[in-house]
Amino acid sequence: MKIKISLSAKALIIFVKNPEIGKVKTRLASSIGSKNALIIYERLLEITRKECLKADADRYLFFHEQIVPGQWAESKFSFFLQTNGDLGQKMKSAFAEVLKTHDKAVIIGSDCPEISGSIIEEAFVHLDSHDFVIGPSRDGGYYLLGLNKLDIDIFSDINWSTEQVLPLTIQRIDKAGRTVKLLTELNDIDLLEDLLEFPSLYNDLNLN
């Protein structure tokens, strides 16, 4: 799919997985079962969709395997497939695509129940005075990344889903002499201990 004509200088990229049993929240599924993990992921998708609609930006939804619009309103989002490769390669490719027609871009995933439209808007504001914006997550990674241009490599040779993601990313930004703004630390849901911090999600499950 081609990038649509920009209505905004800002591009919001959302990475999602297709909500299929056994294919989402697999680490969480080892504790609560695949069916319950799917329920949690569908709730996270709804939270993400709702908050993204509050952000004043062009919205680009990048699906993991196949484009299945589902609950996403087609008039509000443009649909794409993620490229092949690891997470870093996928993100770099998505940024390169949207920056062809936008001045700044922010990417988020669909694992953070604390994400909000106001946090996304804050990230775009900070990109007026910083080269990068990062929303750190408690597991050592990040739930949000924003940038204006792809002029340094922060995506290669990183062990994703480890506690080294955030410090290594910041180290590369600092070494290149670029500026970075850190947002409020939030928590992704990857494991049972993460889920237990959100009773409104956990209490809806059938764990008998």
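Computed from a prediction, not measured in an experiment: that's the story for all the values here.
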Set of residues satisfying salt bridge (charged side-chain N to carboxylate O under 4.0 Å, His left out) with respect to D139, sequence neighbours excluded: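 So D139 forms no salt bridge (charged side-chain N to carboxylate O under 4.0 Å, His left out) with any residue.
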If I compare all heavy atoms of D131 with all of L127, which pair ends up nearest, and what's the gap?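 For D131 and L127, the tightest heavy-atom pair comes out as O-CD2, 3.8 Å.
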Only one of F77, F79, F63 clears ring pair (Phe, Tyr, Trp, His ring centres under 6.0 Å) with W72; which?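 Only match with W72 under ring pair (Phe, Tyr, Trp, His ring centres under 6.0 Å): F77.
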So, D194 and R138, do they make that salt bridge, N to O below 4.0 Å?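 No.
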Between [X] (side chain) and [Y] (backbone), is there a donor-acceptor pair under 3.5 Å?
{"X": "K104", "Y": "G146", "answer": "no"}
{"X": "N148", "Y": "H130", "answer": "yes"}
{"X": "Q82", "Y": "V16", "answer": "yes"}

Which value, rounded to the nearest 0.5 Å, describes the distance between D111 atom CG and I189 atom CD1?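 One finds 8.5 Å between CG of D111 and CD1 of I189.
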To the nearest 0.5 Å, what is the distance between CZ (R49) and CD1 (I47)?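 The CZ atom of R49 sits 11.5 Å away from the CD1 atom of I47.
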Counterpart residues, side chain to side chain contact (heavy atoms under 4.5 Å, CB included), relative to L183 (two or more places apart):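 By the side chain to side chain contact (heavy atoms under 4.5 Å, CB included) rule, L183 matches I119, E122, A123, H126, V133, Y143, L144.
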Short side-chain donor-acceptor distance under 3.5 Å, N159 and T162: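 T162 vs N159: no donor-acceptor pair found between side chains.
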Quiz item: cation-pi between K92 and F155, 6.0 Å / 45°: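 Geometry flag: not set, cation outside 6.0 Å or 45°.
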Per the ring-ring contact (aromatic ring centres under 6.0 Å, His included) rule, what does the pair list look like for residues 10-54, sequence neighbours excluded?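 Residue pairs with at least one partner in residues 10-54: F15-F62.
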